[in-house]
Amino acid sequence: MSLCVVTFTCCVWLLLWFGGGTLGQPLECRAGADVGRRCASIPLDKLLERVVQHAELIYRLSEESCALFEEMFIPLAVRTQHIRGGNTCTSPAFSVPGSKGEVQQISDKWLLHTVLILIQSWIEPLFTLQDTLDRYDNAPNVLLNKTKWVSSKLVSLEQGVTVLIRKMLDEGALTMESHQSWMIESSEPADMVESVTKDYAVLTCFKKDAHKVETFLKLLRCRQTQGLSCFPI
């Protein structure tokens, strides 16, 4: 257990350090009134590459956070039952293609706006999850650091994708009226067991959507360099 915590901690610090360097710069331009002009000065290929890198790191951290949460709070029997239950995350208001063939047929505009909507839908639930985890008596700092990092960088990724939409599509970005995930119920958990189960569902559903965001952005990047010969990963 101690080796696992040390490994996770090292990973967090490396990502935080790397995020402040070349990766973080183009996505940390959301403050100030001239944000659009400053972000527009970034070459499209570099901005797209760094947005993809950002999405990759967010997905990696979501995987590690989910695994650590399972190890700390979810018995093996519950994990097995959760896996057998299949996809418990409900679908958004729009349809997200599931097969590689379906994804291959969709437009760049659809990819970008879908990525933005997915990102926006998770901003508030992740901040809420962070508040919940802060109240756990025995939540390890490495888990708290990971969820804090993801919450912060998701906002930066939203800004990066917004700029991509303006640069690639020459149009404004969609903004949801309320940042909320469609699989999160508004009612408060009745007890600690229910609360832990709900938090586990949040982490697993976010991991799935983070993977979709990463996949769609990689497909978009590939199309910019290789045209229609690209296939989703």
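These numbers come from a predicted model, not from an experiment. Both backbone and side-chain heavy atoms feed into the values below; hydrogens, waters and symmetry mates do not.
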Report the residues that fulfil side chain to side chain contact (heavy atoms under 4.5 Å, CB included) with F127, sequence neighbours left out, ordered by chain and then residue number. I123, S151, V155
Pairing residues for K207 by the side chain to side chain contact (heavy atoms under 4.5 Å, CB included) criterion, not counting sequence neighbours: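 Scan of K207 (side chain to side chain contact (heavy atoms under 4.5 Å, CB included), adjacent residues dropped) gives Y59, S62, E63, C66.
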Does any N or O in the side chain of [X] come within less than 3.5 Å of the main-chain N or O of [Y], such that one atom is a donor and the other an acceptor?
{"X": "K167", "Y": "I42", "result": "yes"}
{"X": "T204", "Y": "A201", "result": "yes"}
{"X": "T225", "Y": "C222", "result": "yes"}
{"X": "T215", "Y": "H211", "result": "yes"}

With a 4.5 Å limit on heavy-atom distance, are the side chains of [X] and [Y] in contact?
{"X": "L143", "Y": "P140", "answer": "yes"}
{"X": "L164", "Y": "L44", "answer": "yes"}
{"X": "E158", "Y": "L116", "answer": "yes"}
{"X": "K212", "Y": "L118", "answer": "yes"}
{"X": "L169", "Y": "H113", "answer": "yes"}
{"X": "E194", "Y": "K198", "answer": "no"}
{"X": "L112", "Y": "F216", "answer": "no"}
{"X": "V51", "Y": "L217", "answer": "yes"}

Applying salt bridge (charged side-chain N to carboxylate O under 4.0 Å, His left out) to D108 and not counting sequence neighbours gives R223
Contacts of E56 meeting salt bridge (charged side-chain N to carboxylate O under 4.0 Å, His left out) (sequence neighbours excluded), chain-then-number -> K218
Identify, with sequence neighbours excluded, every residue that meets side chain to side chain donor-acceptor pair (under 3.5 Å) alongside D134.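 Testing D134 for side chain to side chain donor-acceptor pair (under 3.5 Å), a comparison that skips the adjacent residues, returns Q130.
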Distance from [X] atom [atom1] to [Y] atom [atom2], nearest 0.5 Å?
{"X": "W122", "Y": "L154", "atom1": "CH2", "atom2": "CG", "value": "10.0 Å"}
{"X": "D131", "Y": "L126", "atom1": "CG", "atom2": "CG", "value": "11.5 Å"}
{"X": "N145", "Y": "S65", "atom1": "CG", "atom2": "OG", "value": "10.0 Å"}
{"X": "K146", "Y": "I58", "atom1": "NZ", "atom2": "CD1", "value": "13.0 Å"}
{"X": "L57", "Y": "E214", "atom1": "CG", "atom2": "CD", "value": "9.5 Å"}

Run the side-chain contact (heavy atoms from CB on, under 4.5 Å) test on M168 and K109 for me, step by step, so that the C-alpha distance in whole Å, both residues' side-chain angles and the decisive distance to 0.1 Å come before the verdict. CA-CA 9 Å; M168 295 182 66; K109 179 176 181 178; over 6 Å; no
Could you tell me how the ring of Y136 sits relative to the ring of F73: parallel (under 30°), tilted (30 to 60°) or perpendicular (over 60°)? perpendicular
Given side-chain contact (heavy atoms from CB on, under 4.5 Å), test D45 with Q224 step by step and report yes or no. CA-CA 8 Å; D45 58 339; Q224 297 302 304; over 6 Å; no
Please step through side-chain contact (heavy atoms from CB on, under 4.5 Å) for the pair D209 and V213, ending with a clear verdict. CA-CA 6 Å; D209 279 352; V213 168; 5.6 Å; no
